[in-house]
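Written out below as structure tokens is the structure these notes cover.
Chain naming here is simple, since letters A, B, ... match the order of the sequence lines and numbering starts at 1 in each.
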Amino acid sequence: MENKNYKERVFEVTQLIPRGRVSTYGLIANYLDLGSARMVGWALNKSLLSNGVPAHRVVNRKGELSGRNFFPSPTMMQELLESEGVAIEDSKVQDFKQLRWDPSIELEE
DNA sequence: GGATTGACGTCTG
DNA sequence: GCAGACGCCAATC
């Protein structure tokens, strides 16, 4: 029973995201070679049931907080990011291009 | 077990 | 640059 599902890998990578930074589904999917960014989003959906998984640090490629609706409160995701020093406007990450954390690069694979 | 859905991404028009 | 369609793989109905 290999509990090491691709989901757990997503959890680990998500937890590796530094505070004040954000990542995208595509980057994580590419790093884990899942083949589909949807897998990351789906896995993160399950991550809501797990503790210690800062899913709020993961956004789509546009930097939009697409998953905010899945949180207990749609504003909680933004609040958390702002609390970490990430500027949010209109449910989108400001300077996202700078703040985006790419595991394939930061971890240098 | 087939069909649908999903926190996305890339391509084409 | 924006809008629509397709692809992706897994889970759920």
Check your understanding: Between A/Lys46 and C/dT12, is there a side-chain N or O to OP1/OP2 distance below 4.0 Å?
Key -> yes
Review point. Checking A/Asp102 side chain against A/Ser104 main chain: does a donor-acceptor pair fall under 3.5 Å?
Key: yes
Exercise for review: Assign A/Leu48 to base, sugar-phosphate, or nothing according to its heavy-atom contacts below 4.0 angstrom with the strands shown.
Suggested key: base
Point to revise | Separation of atom OH in A/Tyr6 from atom P in C/dA10, rounded to whole Å | key: 7 Å
Exercise for review: For A/Arg9 and C/dA10, give me the distance from atom CZ to atom P, rounded to whole Å.
Suggested key: 12 Å
Check your understanding: Between A/Asn45 (CG) and C/dC9 (C1'), how many Å, whole number?
Key -> 15 Å
Exercise for review: Not counting sequence neighbours, which residues clear side-chain contact (heavy atoms from CB on, under 4.5 Å) with A/Trp101? List them please.
Suggested key: A/Val13, A/Leu16, A/Ile17, A/Pro18, A/Arg21, A/Ser23, A/Pro103, A/Glu106, A/Leu107
Check your understanding: Expressed in angstrom and rounded to an integer, what is the separation of A/Leu32 atom CG from C/dC8 atom C1'?
Key -> 15 Å
Exercise for review: Assign A/Ala55 to base, sugar-phosphate, or nothing according to its heavy-atom contacts below 4.0 angstrom with the strands shown.
Suggested key: base
Exercise for review: For A/Leu34 and B/dG9, give me the distance from atom CG to atom P, rounded to whole Å.
Suggested key: 13 Å
Review point. What does A/Asn60 touch in the nucleic acid at a heavy-atom separation under 4.0 angstrom: a base, only the sugar-phosphate, or nothing?
Key: sugar-phosphate
Point to revise | A/Arg100 CZ to B/dG9 P, straight-line distance once rounded to whole Å | key: 11 Å
**Study point:** A/Tyr31 with A/Trp42, same ILVMFWY side-chain cluster at under 4.5 Å
**Key:** yes
Review point. What distance do A/Ser73 atom OG and A/Gln78 atom CD have between them, rounded to the nearest 0.5 Å?
Key: 12.5 Å
Check your understanding: Which whole-number value in Å describes the distance from A/Asn30 CG to C/dC9 P?
Key -> 14 Å
**Study point:** Among C/dC8, B/dG9, C/dA11, the nucleotide that comes nearest once only the side chain of A/Ser36 is considered
**Key:** C/dC8
Point to revise | Whole-Å distance separating the CG atom of A/Leu44 from the P atom of C/dC9 | key: 18 Å
Exercise for review: Quick one: pull up NE2 in A/His56 and CE in A/Met76 and give me the separation to the nearest 0.5 Å.
Suggested key: 8.0 Å
Review point. Could you state the interatomic distance from CG (A/Leu80) to OG1 (A/Thr75), rounded to the nearest 0.5 Å?
Key: 9.5 Å
Review point. Can you list, by residue number, the residues of residues 13-26 of chain A that have a non-hydrogen atom closer than 4.0 angstrom to DNA chain B?
Key: A/Tyr25, A/Gly26
Revision key, fill the gap. Residue set satisfying side chain to side chain donor-acceptor pair (under 3.5 Å) with A/Glu64, at least two apart, ordered chain then number -> A/Asn60
